[in-house]
Amino acid sequence: MLVPYLWYPSKKSLINSIDHPFRKEIDMFSPSLKTYSTLSVEEKKQLLSRETIQNTEISQAVRNMLERFQKCSPSSRDALIQEYTQRFDHIIQDNSLIEKLSIDEAQKLLGDELTCHIEKASQAIRLFHKAQKRNHYSVSLHQGEVRCERLIRPIERVGFYVPGGLAPLFSSLLMMAIPAQLAGCHHLLLCTPPLASGTISPLTHGVASLMGIHEIHAIGGAQAIAAMAYGSKEVTAVDKIFGPGNAWVNEAKLQISAGPSHTSIDLPAGPSEVMVVADHTAQPAFIAADLLAQAEHGPDAQVICVLLNSPSTSQLFSDVTYHINQQLNHLSRHDIITSSLKNSGFILAQSRKEACTIINSYAPEHLILQIDQPRELLPAINHAGSVFLGHQTPESLGDYASGTNHILPTAGYGRQYSGLSLEAFEKTITIQEASLQPHSPLAQTVIGLAKAEGLDAHANAMSLRVNTSS
């Protein structure tokens, strides 16, 4: 078993070595390295568990809210939205609707440089998702007696939720609006939390206008999900809801998808998480930077670092810890990151095979492989939202401009959910057209199966046609 020897510079020398406006005296981040192979089953489970917030209380509160929305008439739901906005956002609101900007106004609001960045990122996202386009197809079966087809149709009305609490994540809107447009969705609606002024983030407003969003509302939290699901006099009810959010938003989405509103959701996308797997070839500063980048999403974010055992692992662990402490003092969201790091874990894996066991057990939202020949691990990786290969591929690349979608399953849902794609904005319709011949073997198969299940009417519907044909 490898027992790392940790070396840290003194707090004073570390702090004084950094000349930055966010510098301040802090407690040193001093993690422990757990050797995975020596842990019990329960200890492994605990090490890879996510911190959740009083799920029972949140679940009941959201259930009560949704029941109120469901029982209200559409004309009364706007007052209910205003009530919850005042209670949770402390804003008195007469109308949630935000006027769209013209393209020129949006570009002026965002500025030339940011507009250029948005356009470049949008182009990559559009190209990657356009490549996912599915085609109609037709297949002749049963010696030509039946032709089966599949048609692709867009989901007509889609709703987007863009968080705006700790940061206005306008980039998430690119990830939703672009595939929705490619799919041909007819109505795009956005809900995002209001600012103290009652408006929304200028960045989100500008991007929504550039993206051609049809309807924009200053509504946040679980009440935004309820508004999109049930609709009101002001808010158009949608067929499917997309977007990440906090525990309240996620719980509302899950309950809506299981309820009577006929509204579906994209996937469970809650607090952010990353797992970095590193070996002796990794750069400690890169590992630290990737962990910190994910930790700044919120105090409930989680970062996990898996180090592959080698003679230099002890030094690598020490160096990563040093760089975390050093880089942390350069970052404006220092307090959020410090809280998030409490949910962190550092794990020693004895081999690549064991590292893959850890990966698949955790099913990370983001998986970064800072190892030699990272592509060789892909066949063994079954559960992950998005994978970042090699030392030159930070997770922030996928968050903004690589082209892949950054709305991904969290909390282990990568075992059964995929990240957002063009397919999520489409649905399929199957078609069959028969031309049955007398004594058709296909007809006899249908009749035989129907009778075996005791469904005589099914058998009769087929036998009548065969008899008519003869």
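- In summary, of the residues considered (Ile358, Leu369, Val303), a side-chain contact (heavy atoms from CB on, under 4.5 Å) with Met275 occurs for Ile358 alone.
- In this structure, the side chain of Gln70 does not engage the main chain of Tyr230 through any donor-acceptor pair within 3.5 Å.
- Taking a cutoff of 4.0 Å between a charged side-chain nitrogen and a carboxylate oxygen, Glu426 and Lys240 do not qualify as a salt bridge.
- No more than 12 heavy atoms of other residues, nucleotides or ligands shown are found within 6.0 angstrom of CD on Gln123.
- Ser318 and Thr321 share no donor-acceptor pair across their side chains, judged by distance under 3.5 Å alone.
- Ser340 places no side-chain N or O within 3.5 Å of a backbone atom of Ile337 that could act as its donor or acceptor partner.
- Phe160 pairs with exactly one of Ile213, Val238, Ile407 by the side-chain contact (heavy atoms from CB on, under 4.5 Å) rule, that one being Ile213.
- For the salt bridge (Lys or Arg N to Asp or Glu O under 4.0 Å) condition, the pairs that include at least one residue of residues 242-268, sequence neighbours left out, are Lys253-Asp266.
- Asn360 places a side-chain N or O within donor-acceptor distance of the main-chain N or O of His383, the cut-off being under 3.5 Å.
- Using modelled atom types, one side-chain atom of Gln93 and one backbone atom of Ala218 make a donor-acceptor pair closer than 3.5 Å.
- For the side-chain hydrogen bond (donor to acceptor under 3.5 Å, both in side chains) test with Glu273, the passing option among Arg50, His297, His366 is Arg50; the others fail.
- In this structure, a donor-acceptor pair under 3.5 Å is absent between the side chains of Gln294 and Asp290.
- A 4.5 Å side-chain heavy-atom check between Thr204 and Leu190 finds at least one atom pair inside the cut-off.
- A side-chain donor-acceptor contact under 3.5 Å links Ser122 to the backbone of Ile118.
- Side-chain atoms of Thr313 come within 3.5 Å of backbone N or O of Leu308 as a donor-acceptor pair.
- The backbone N or O of Val162 sits less than 3.5 Å from a side-chain atom of Thr192, completing a donor-acceptor pair.
- For Arg134 (side chain) and Ile152 (main-chain N/O), no donor-acceptor pair under 3.5 Å exists by modelled atom type.
- For the atom pair Ile81 CD1 and Ile219 CD1, the distance stands at 4.0 Å (nearest 0.5 Å).
- One N or O on the side chain of Arg77 and one on the backbone of Gly231 form a donor-acceptor pair closer than 3.5 Å.
- For Leu80, the side chain to side chain contact (heavy atoms under 4.5 Å, CB included) criterion is met by Arg68, Phe69, Cys72, Glu83, Tyr84, not counting sequence neighbours.
- The aromatic rings of His187 and His214 lie parallel to each other, with less than 30° between the two planes, well short of the 60° mark.
- For the side-chain contact (heavy atoms from CB on, under 4.5 Å) with His406, the qualifying choice from Ser171, Pro244, Ser396 is Ser171, the only one to do so.
- With a 4.5 Å cut-off on side-chain heavy atoms, Leu254 and Pro268 count as touching.
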